[in-house]
Amino acid sequence: MSASATDYIGMWYRARARLGIDDRIEFIFIHPASGKRHTVALRHRDHDGVGGIAESLKRMGVRQPPMPLSRQTRPPAFWRRWQARPERRQPQSPPWRVFTSTAEKQADAPLVEWLTPRQTLALRQRAEALQVSLNSLLLQALHRAVVQTLMTHAVPISWCFPVNMRGVVPMAKPDMNLSSAFYMTVDSDDSLTHLDHTIRRYLKANIHWRYWHLARIGRLVGQRGVDWLCSRLLNGARHGGSFSNLGEWQMDFVSGGLAPDTVFACCGPGSPTHPVANGMIIVNGSLSLALKLHPSLGAPESAVRECLQCWVEGLGVTA
């Protein structure tokens, strides 16, 4: 498999944009004392989250840190990429609340909260004590916050779980879309152990490799074919959103003339089928959480803020 300069994953975001769906990813630099924000907005058709982080730092003049690579050191055997889905439970369409009030505006930009390095360390220690991954804690807290604040009642719904493919697939440009994903069913009653085991089983089953091949169908059908397929998928299954953890980074903000304790956050645009846009990243030991709801939900800014606060509180970390 040779590297191609064509961003076949980006074709899907170009198709969405032609249907009027924003493909903007926002990378946010926040001065922690004043709260002043500087945002670098990039198009998802050009970069995934990891690639966009590198590009946003470049635009801010910040020295480039190494990009995180896939945990897989080599591609699995081809037949191992088509294993059965590791769970039988089927998701339902999310029963979103109907927001009827027009008195309050919707949030135009992602809302952001962050933990101090001390709080982030405490969260890590909690995950270690429970013998689960940090992802399991973050996913359970996000899902329960969404159920509590944005849905009429709890049902199992699916979340898209992106997977970084850098270092295990050929790369023409390291900042292009080099992420795959799998879809995982989550219910509010799921234990942390269940979530942790399920995530590991999906990764072990290489479901993300299946989606990697399917998502690159533009090699065969071109942009017009992807446009047609995208328009059909928008009338298909409904999900919670993409659970977007961008990993852990060390960033030299001073090299770009920024405060050394600058808070960095990022968030994608979401879509009508994946309306809960979010982003998690640990930078210089501090975890930030960003949340934005697609306009199709009609949720006011207060609903986004309530959901974000529930998410943070659900992590069980105190000052």
Side-chain angles (χ1 to χ4, degrees), residues 7 9-30 37-57 59 67-68 94 106-114 135 138-139 142-143 145-146 150 157-166 175-184 208 211 215 230 233-234 238-247 249 263-283 287-297 299 301 304 307-308 311:
D7 193 332
I9 309 300
M11 283 184 172
W12 292 94
Y13 295 99
R14 184 173 289 105
R16 292 192 345 166
R18 291 173 176 174
L19 295 170
I21 300 174
D22 184 16
D23 75 329
R24 190 178 32 156
I25 314 178
E26 295 173 80
F27 302 89
I28 307 161
F29 300 78
I30 305 175
R37 295 164 56 141
H38 183 91
T39 299
V40 176
L42 302 174
R43 303 185 309 181
H44 211 324
R45 73 194 78 169
D46 300 322
H47 311 279
D48 62 6
V50 172
I53 290 171
E55 177 63 21
S56 67
L57 293 176
R59 294 192 183 191
M67 287 188 183
Q106 297 184 32
D108 295 326
L111 301 186
V112 179
E113 291 284 351
W114 60 90
N135 268 336
L138 291 165
L139 178 58
L142 173 61
H143 177 82
V146 167
L150 302 177
I157 65 173
S158 68
W159 289 90
C160 180
F161 201 110
V163 180
N164 182 18
M165 303 292 280
R166 285 173 179 79
D175 64 342
M176 65 195 296
N177 282 280
L178 289 163
S179 296
S180 187
F182 58 83
Y183 282 87
M184 175 175 160
H208 55 291
Y211 279 97
C230 186
L233 289 174
L234 287 174
R238 292 310 195 245
H239 312 275
S242 290
F243 175 75
S244 302
N245 189 337
L246 280 302
W249 299 66
V263 173
F264 181 84
C266 49
C267 190
S271 70
T273 56
H274 299 70
V276 182
N278 56 84
M280 297 141 273
I281 186 170
I282 296 177
V283 174
L287 171 68
S288 69
L289 306 174
L291 185 69
K292 182 178 181 179
L293 302 180
H294 190 265
S296 60
L297 285 188
E301 183 172 330
V304 185
C307 185
L308 180 57
W311 186 9

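Along the sequence shown, residues are numbered consecutively beginning with 1. Because the structure is predicted, anything quoted here is derived from the model rather than measured. Values reported hereafter were calculated over all heavy atoms of this structure, with side chains retained and with hydrogens, waters and symmetry mates removed.
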*Evaluate side-chain contact (heavy atoms from CB on, under 4.5 Å) for R166 paired with D48, printing each intermediate quantity in order.*
CA-CA 11 Å; R166 285 173 179 79; D48 62 6; 2.7 Å; yes
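- The closest side-chain heavy-atom distance from W114 to I281 is not below 4.5 Å.
- In this structure the side chain of M280 never reaches within 4.5 angstrom of the side chain of N135, judged on heavy atoms.
- Of all the heavy atoms in L233 and T273, the pair that sits closest is O-CG2, 4.2 Å.
- Between I21 and D23 the shortest side-chain heavy-atom distance does not fall below 4.5 Å.
- Of all non-hydrogen atoms in S158 and Y183, the two that sit nearest each other are OG-CD2, 4.1 Å.
- Closest heavy-atom contact between R37 and P110: NH2-O, 2.9 Å.
- Contact annotation: the side chain of S271 approaches that of R16 to within less than 4.5 Å [non-hydrogen atoms, C-beta and beyond].
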*Please lay out, stage by stage, how C160 and H274 fare under the test side-chain contact (heavy atoms from CB on, under 4.5 Å).*
CA-CA 8 Å; C160 180; H274 299 70; 4.2 Å; yes
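- To the nearest 0.5 Å, atom CG of residue L287 and atom CD of residue E113 are 11.0 Å apart.
- In terms of modelled atom types and a separation under 3.5 Å, the side chain of N278 and the main chain of S242 share a donor-acceptor contact.
- Heavy-atom minimum distance, T39 versus I28: OG1-CG1, 3.9 Å.
- Note that CZ of F182 is 4.5 Å distant from CZ of F161, once rounded to the nearest 0.5 Å.
- Judged as a side-chain hydrogen bond (donor to acceptor under 3.5 Å, both in side chains), and not counting sequence neighbours, the contacts of W159 are H143.
- Side-chain contact between L308 and L289 is present, with at least one heavy-atom pair separated by less than 4.5 Å.
- Distance check: N177 CG to W12 CH2 gives 13.0 Å after rounding to the nearest 0.5 Å.
- Across all their heavy atoms, V50 and P68 have their closest contact at CG1-CD, 4.0 Å.
- Note on ring orientation: taking the six-membered ring where Trp is involved, the planes of F27 and F264 are parallel (angle under 30°, cut-offs 30° and 60°).
- Atom CG of residue D175 and atom CE of residue M67 lie 5.5 Å apart, to the nearest 0.5 angstrom.
- The shortest side-chain heavy-atom distance between I53 and L57 falls under the 4.5 Å cut-off.
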*asked:* Evaluate V146 against C307 for side-chain contact (heavy atoms from CB on, under 4.5 Å), listing each step before the verdict.
replied: CA-CA 6 Å; V146 167; C307 185; 4.0 Å; yes
*Would D7 and D46 satisfy side-chain contact (heavy atoms from CB on, under 4.5 Å), going step by step from the backbone distance to the final call?*
CA-CA 8 Å; D7 193 332; D46 300 322; 6.0 Å; no
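- A parallel orientation is assigned to the rings of Y13 and H44, their planes being inclined by less than 30° (bins at 30° and 60°).
- We find the CG-NZ distance between L111 and K292 to be 10.0 Å, quoted to the nearest 0.5 Å.
- For the atom pair CD1 of I25 and CZ of R45, the computed distance is 11.0 Å after rounding to the nearest 0.5 Å.
- Between R18 and C230 the shortest side-chain heavy-atom distance does not fall below 4.5 Å.
- In this structure, S244 has no side-chain hydrogen bond (donor to acceptor under 3.5 Å, both in side chains) partners at least two apart in sequence or on a different chain.
- Minimum interatomic distance between A265 and V112 (heavy atoms only, all atoms of both residues): CB-CG1, 3.7 Å.
- You'll find the side chain of V283 stays beyond 4.5 Å of the side chain of S288, heavy atoms only.
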